[in-house]
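Quick notes on the structure that follows.
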Amino acid sequence: MSGNAITRRGFLAGTAGVIGAAGLAGYMSFDAWERAYADDSDTHGTVSTVHSTCNGCSNKCGFTAYVVDGKLRKLIGDERHPMAKGKLCARGYAYAEIAYSKDRLTDPLKKNDKGQFEAISWEQALSEIGAKVQQIVSSDGPGALAMVQDPRPSGSYYAKRFMSALGSPNVYTHGAACYESRESGIKQVIGANSWTSDVANAQMTIFIGRSYADGLRPSALMAMEKAHEAGSHIVLVDPRFTNSQKFADEWVPITPGTDLALVLALCQVVTTEDLYDADYVAANSVGFDEFRESIAQYTPRWAAEKTGIDETTIKRLAHQMAQAAPACSIESGWRGPSGCQYKNSGELARAVACFNALLGVYNQKGGALLYPSVSAGKLDEGKFPSPPKPQAAQVGSDEFPLAVDGSALAAVKAASEGSVKGFFFYNSNMVGGYSNPSYLAQVVSGCDLSVCVDVQMSETAAACQYVLPDTSYLERSELPAFAGGAVPSVSMRTQVIDVVHPNTKPVDEIFTELAQACGVGQYFDFTMDELAAAQLASVGVDVDAARQMGTVYFNDKAFSYGSTPNWKTPTGKIQFASDACKKAGYEAVPSWIEPDVMPMGNELRLIEAKQPIHSHTMTANNETLMGITKKYDLTRAWINRSFAENLGIADGDTIEVSNEKYTGKIGVHVTDRIVPGALYLPSAYGVTVEDQHTAYGVGLRPADFLAFKLEPGYGSAMAHEVCVTVKKVNA
Amino acid sequence: MQFEPIWGVPIALYLFLAGLGGGAFIASAFVHWKNPDAEVTRKAGHFIAPVVVAVGLVLLMLDAQGGFHHPLRFALLLHNLGSVMTWGVIFLAAFEVIALIAAILEIVKRTVPMWLEVAGSVFGVCVGAYTGCLLGVVKTFPLWNNAILPVLFLVSAISTGIAAVILASLIAAPEEADKLDDLKGFHYWLPVVELVLVVAMLFIVNSAGEAAHASVTSLLSGAWAPAFWLGFVIIGLVGPTLVETYLQRAKGANERALGIGSEAGVLVGGYLLRMMIVMAALPITLTVAWL
Amino acid sequence: MARYGMLINTKKCVGCYTCVAACQRQNNLLPSEQFIRFEERETGTYPTLSVETIPLQCMHCEDAPCAAVCPTGAAHIGTDGIVQVDQGRCIGCKYCMAACPYQVRVVNEETGTVDKCRFCTVSANDGTAMCSCVEACPTGARIFGDLDDPDSEISKAIAELNAQPIAGDLTKSKVFYVR
Ligand SMILES: Nc1nc2c(c(=O)[nH]1)N[C@H]1C(S)=C(S)[C@@H](COP(=O)(O)OP(=O)(O)OC[C@H]3O[C@@H](n4cnc5c(=O)[nH]c(N)nc54)[C@H](O)[C@@H]3O)O[C@H]1N2
Ligand SMILES: Nc1nc2c(c(=O)[nH]1)N[C@H]1C(S)=C(S)[C@@H](COP(=O)(O)OP(=O)(O)OC[C@H]3O[C@@H](n4cnc5c(=O)[nH]c(N)nc54)[C@H](O)[C@@H]3O)O[C@H]1N2
Ligand code: SF4
Ligand code: SF4
Ligand code: SF4
Ligand code: SF4
Ligand code: SF4
Ligand SMILES: [Mo]
């Protein structure tokens with residue numbers, strides 16, 4: 001364990017410490033040490049600080065942990081970390097409890113014939129999994145194995161290497177339920193997966209279904225606040241009046257699923273009125289003529305009809321943006337409408353990227369920035385031999401050729417058809433929410449082999465045959481996490497506390513041992529520490545220094561405004577028209593596509609969104625966060641006031657939400673904060689695993705209402721292509 | 001966010017029993033003075049008083065979990081002479097001691113001296129009024145924070161105390177109960193006074209801001225309306241008054257059963273009054289303009 | 001002696017609950033023990049509306065009703081003006097909870113005693129400490145400091161932003177709000 005011991009005095013001074021008579025009780029309510037430290041005076045000495053990174057969501061914010069005699073006492077967000085900028089969010093504080101959670105997985109588990117889990121030894125788990133893997137590889141080839149993992153520093157390296165060693169290209173992320181369409185669509189236009197809107201320095205930014213105050217990243221929220229204070233014009237296009245409104249100037253409520261129409265119309269206004277940057281477009285793009293021709297049909301009047309936003313507003317927004325250019329952008333979005341939610345998500349992402357291109361905002365101050373990044377260089381092949389590149393094409397790549405990361409759901413489809421036989425999951429709860437959970441559970445549990453590496457019994461773990469217990473993020477060190485940014489950086493997750501449950505293992509050991517059990521251990525003949533040192537050495541950084549500092553910046557690679565990006569598209573230009581999209585069945589230029597379903601009559605579109613205190617499926621079982629949920633009744637569905645009044649539904653009533661897939665009851669929040677045609681459910685609830693004692697049975701899970709359908713070409717979940725009806729439940 | 005009442009049934013019961021105890025002692029002293037031969041009735045009052053107050057105190061201690069885990073801390077209750085609760089503890093303690101002495105004297109068949117009856121009655125009044133003052137000084141809840149509440153609680157305390165004593169008398173010594181005309185005559189008017197006080201209080205409170213209005217509404221037409229109208233007004237006030245009126249005209253007819261019913265009604269009403277006042281009150285913070 | 005106070009800028013509060021979670025974790029509170037509570041007010045009608053999020057916590061009143069009614073002296077105003085609850089004296093009678101107009105006192109389910117924001121018992125050290133909620137708030141909606149020092153960040157901000165106690169001079173609150 002790395003840590004630099006400091007004196008108690010130093011601790012207080014260094015943190016501007018808050019340690020008073022009562023405050024001394026410490027940090028975690030892990031009883032044993034709470035008691036030990038409750039009456040702390042000067043009796044125990046070793047206070048150490050460790051820099052590490054949060055695992056509460058994919059932002060992986062850096063923090064300093066203050067550890068007293070081996071027990072975590074306090075967390076402070078690291079000023080140096082690019083996502084944290086000195087702050088953690090509520091999840092960042094509370095999720096630290098996972099280390100001591102009473103619902104932790106403590107031993108390898110195997111499902112018996114009755115469908116119940118029994119604890120087994122690591123030896124048994126590894127040898128049985130190894131034998132099954134070899135059996136599948138010999139009968140169906142390595143392409144019948146798939147891995148889903150949420151990219152975390154060690155996890156993505158080891159999971160991918162493990163699969164490559166076996167010869168399988170089928171490594172997926174959660175992308176199909178998050179960002180896949182957006183990154184893939186953007187990539188078709190500008191050759192990069194995304195951009196960062198320079199919100200803080202912009203004159204105007206339009207957010208389309210992205211809420212910095214809810215889908216939280218501390219640094220992004222701070223940038224928005226800064227922009228607001230500087231008088232930047234901030235527009236939120238969203239069916240909901242989100243918490244980000246605090247720092248916005250305008251709410252543009254939109255009929256969900258129709259953002260593509262809005263953006264096409266914005267493009268139409270700036271092209272037909274010649275408000276775009278013609279020189280920029282001429283110098284940097286291909287396909288503009290085709291685009292201009294096609295876009296003419298998408299008039300503001302047409303879009304007004306689709307979106308419910310009035311024509312003058314659409315025109316005004318286009319004019320304001322053109323005026324602000326190039327210090328403006330449409331923000332890239334994350335999950336939202338372009339991420340994975342609609343049949344037109346990928347098209348929306350393309351349209352947005354095209355709009356920003358029309359205004360020439362890329363890499364301009366206040367515009368859309370393509371930040372540089374740094375990654376580990378080549379390592380010593382003798383010590384870290386690269387496995388041969390898998391021969392087969394990734395499962396799903398024929399049907400969903402546009403998906404930059406592939407689609408885990410395509411692998412599910414393949415499994416349902418019998419061509420994928422074995423599934424591995426690392427730090428992923430696919431079953432709990434990438435599409436319809438009961439369907440996913442059925443497919444996963446029908447596979448010949450299913451293995452889940454997790455820290456608690458997730459829906460995915462519950463569906464698998466083998467469950468392997470990871471250490472929590474506080475109990476392990478990981479490989480360096482490289483991050484692009486204004487100044488690219490690398491941050492370190494470093495072990496904060498000793499392993500709590502002796503029979504859990506960190507991710508690197510799990511995959512190393514799995515590889516050995518599968519007969520491919522030769523690719524794992526090194527320790528994580530050796531690898532981390534080598535990766536960092538390859539970019540000129542000393543591993544110990546990095547762990548000491550938490551985050552190291554590559555100042556020589558810093559971004560500067562005004563450069564022309566290197567467009568990494570097939571044509572080397574911004575592509576207003578894309579051959580690949582055409583091949584995948586789309587128009588070459590972004591074009592209107594109707595959502596897959598539209599609410600009819602009294603139906604509502606079911607939309608979901610983040611709440612600032614929860615992450616996906618993984619925090620609902622956190623007692624502190626769930627305490628907040630319960631205090632403020634945060635599981636409630638939102639429906640529009642006038643719609644509710646028509647149905648005789650009042651705030652606080654219980655309603656039944658139903659469609660052909662699922663029916664459930666939930667409290668309702670009747671509010672003006674949502675458009676009339678939608679019903680909002682927070683996305684974190686409805687956990688169906690009894691072993692999660694805090695989360696089980698609380699609230700509804702939007703995914704339960706969803707049908708297993710994938711966005712053409714992209715393979716995303718189309719998470720909002722779902723309608724429901726509601727009725728009041730009597731008492 | 002829904003407002004969770006700070007106190008619940010145990011404290012409502014405590015307030016009710018404290019008042020009842022004080023009232024019962026007063027009733028008993030009154031009987032001692034006016035009907036010296038109504039021994040059973042007098043004894044009943046002298047027994048009821050210390051017992052119900054003790055039960056109430058136990059409830060209070062059970063509700064005060066911090067003290068329950070560390071009983072020595074209850075000694076600190078006398079610390080703050082500025083706190084109504086501290087006065088209450090003093091009154092209750094003094095009252096309980098006097099009531100216990102009276103009860104012991106009854107058990108050993110010695111006469112309770114008149115000065116002790118007077119002293120007990122004085123503290124009985126203090127206890128009854130204290131239960132109202134305890135809530136009355138709390139500015140957070142407009143339903144509590146008005147001058148009528150302590151008076152209302154005191155009247156109700158005496159009314160429930162008398163009811164308990166008459167009830168005991170009706171059950172254990174009906175022939176004595178027949179002769180308690182003075183006590184009954186006094187008792188007859190108490191529900192009427194209560195009714196006037198309640199109407200006045202709700203009227204005043206209703207216009208004392210949003211939280212106040214919301215509290216009153218919840219009593220009169222909201223979640224508490226059944227308890228208020230049926231339990232408190234009909235069973236607790238109007239019913240007993242009607243029954244007693246009827247009994248005064250038609251002496252004899254089913255007198256005992258009706259009497260028992262009406263006194264029990266007064267007790268039910270008295271408890272419901274405490275419960276509703278404790279639990280229906282809404283804090284100003286939920287609705288006032290400054291939020 | 002410093003007179004500690006806090007400023008809460010509701011115009012910057014996005015209702016992210018970070019302050020709550022930070023307070024709970026750094027002060028080792030139970031999941032049910034939240035020292036900060038929120039009132040939310042939605043005004044206007046679709047689609048023109050605004051939402052105000054108001055975090056409330058102990059106002060460290062100079063006229064503290066909680067201390068006035070507490071029979072045991074557990075609730076008291078410390079020499080530094082920080083209102084405290086002596087956990088070793090509190091019997092859990094909840095009289096203070098009833099008396100607090102801001103409804104910011106909570107029962108500790110394990111001990112049965114009542115607790116509330118302690119200003120992170122800042123003064124127990126040397127006055128240099130910082131409150132966890134202030135430290136954690138991502139939007140800087142909170143400022144803590146010495147109200148008697150005209151040069152402190154909080155004093156300047158109160159003057160500049162015309163921050164006011166939430167309920168006027170009801171209890172001489174030392175938490176000031178920008179709204
Ligand atoms: N608190 C919290 N923060 C997180 C995470 C978390 O789990 N919890 N996870 C991180 C991750 S992985 C992600 S992907 C991001 C997600 O961050 P976001 O993409 O910002 O989050 P979402 O909540 O999915 O959706 C954002 C908004 O889209 C709106 N929306 C829904 N449908 C439509 C539509 O049709 N049109 C428009 N215009 N808007 C629509 C919703 O109302 C919501 O306000 O958050 C990151 N940060
Ligand atoms: N129901 C629902 N479904 C969703 C979403 C949602 O909000 N709700 N959001 C969507 C979005 S935007 C995304 S990005 C994806 C995210 O999808 P995932 O990345 O799968 O995220 P989670 O659903 O939170 O599941 C993460 C899993 O990792 C486990 N875990 C946490 N820490 C560790 C660790 O240290 N080691 C290991 N081995 N496991 C760990 C958690 O217990 C949990 O089971 O989900 C999508 N689907
Ligand atoms: S945003 Fe919050 S949960 Fe996500 S990594 Fe940062 S602190 Fe952790
Ligand atoms: S942390 Fe700051 S922004 Fe978030 S709820 Fe608390 S005061 Fe408001
Ligand atoms: S806010 Fe409430 S708890 Fe804090 S000092 Fe004032 S009355 Fe007491
Ligand atoms: S609960 Fe504790 S602090 Fe509050 S009034 Fe009672 S003894 Fe005092
Ligand atoms: S000042 Fe300290 S105790 Fe008070 S709310 Fe903030 S973090 Fe909690
Ligand atoms: Mo995501």
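Chain identifiers are assigned alphabetically (A, B, ...) following the order of the sequence lines, protein sequences preceding nucleic acid strands; residue numbering begins at 1 within each chain. Values reported hereafter were calculated over all heavy atoms of this structure, with side chains retained and with hydrogens, waters and symmetry mates removed. All of these numbers come straight from a predicted model, not from anything done at the bench.
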Checklist entry - Okay, side chain of A:Lys87, backbone of C:Glu135: is any donor-acceptor separation there less than 3.5 Å? => result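 Yes, because the side chain of A:Lys87 sits within donor-acceptor range (under 3.5 Å) of the backbone of C:Glu135.
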Item to check | Sidechain-backbone polar pair: A:Gln245 side chain, C:Leu49 backbone, donor-acceptor under 3.5 Å | outcome: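 It does not hold such a pair.
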Could you tell me which portion of [X] (side chain, backbone, both or neither) has an atom closer than 4.5 angstrom to a non-hydrogen atom of chain A?
| X | answer |
| --- | --- |
| C:Thr48 | neither |
| C:Glu40 | side chain |
| C:Val134 | backbone |
| C:Ser32 | neither |

Identify each donor-acceptor pair in which a side-chain atom of residues 163-172 of chain C lies under 3.5 Å from a protein atom, sequence neighbours left out, and give them as a table.
{"from": "C:Gln164", "atom 1": "NE2", "to": "C:Asn162", "atom 2": "OD1", "distance (Å)": "2.8"}
{"from": "C:Thr171", "atom 1": "OG1", "to": "C:Tyr102", "atom 2": "OH", "distance (Å)": "2.6"}

Checklist entry - Of all the residues in residues 669-677 of chain A, which have a heavy atom that comes within less than 4.5 Å of a heavy atom in chain C? => result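 Only A:His669, A:Thr671, A:Asp672, A:Arg673, A:Ile674, A:Val675, A:Pro676 of residues 669-677 of chain A have a heavy atom under 4.5 Å from chain C.
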Checklist entry - Residues of residues 235-243 of chain A under 4.5 Å from chain C (heavy atom pairs)? => result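 If one takes a 4.5 Å heavy-atom cut-off, the residues of residues 235-243 of chain A near chain C are A:Phe241, A:Asn243.
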So for [X], is it side chain, backbone, both, or neither that comes closer than 4.5 Å to the heavy atoms of chain C?
| X | answer |
| --- | --- |
| A:Glu229 | side chain |
| A:Asn640 | side chain |
| A:Glu225 | side chain |
| A:Leu216 | side chain |

Checklist entry - Hey, does A:Arg641 have a side-chain heavy atom less than 4.5 Å from the side chain of C:Glu42? => result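 Counting from C-beta outward, C:Glu42 and A:Arg641 do come under 4.5 Å.
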If you compare all heavy atoms of [X] against all heavy atoms of [Y], which two are closest, and at what distance to 0.1 Å?
| X | Y | value |
| --- | --- | --- |
| A:Pro253 | C:Tyr46 | CB-OH, 3.5 Å |
| C:Arg37 | A:Tyr632 | CA-OH, 3.1 Å |
| C:Pro138 | A:Met222 | O-CG, 3.1 Å |

Checklist entry - In Å, rounded to the nearest 0.5 Å, how long is the span from NZ of A:Lys246 to OG1 of C:Thr139? => result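 Interatomic distance, A:Lys246 NZ to C:Thr139 OG1, rounded to 0.5 Å: 9.0 Å.
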Checklist entry - Once you round to the nearest 0.5 Å, how far does OG1 of A:Thr624 lie from CD of C:Gln34? => result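 Between atom OG1 of A:Thr624 and atom CD of C:Gln34 there are 8.5 Å.
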Item to check | Contacts of residues 14-21 of chain C with chain A (heavy atom under 4.5 Å) | outcome: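 Against chain A, the residues of residues 14-21 of chain C that fall inside the cut-off (heavy atoms, under 4.5 Å) are C:Val14, C:Gly15, C:Cys16, C:Tyr17, C:Thr18, C:Val20, C:Ala21.
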Item to check | Heavy-atom neighbours of C:Glu153 CD exceed 12 at 6.0 Å | outcome: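 Open: at most 12 neighbouring heavy atoms sit under 6.0 Å from CD of C:Glu153.
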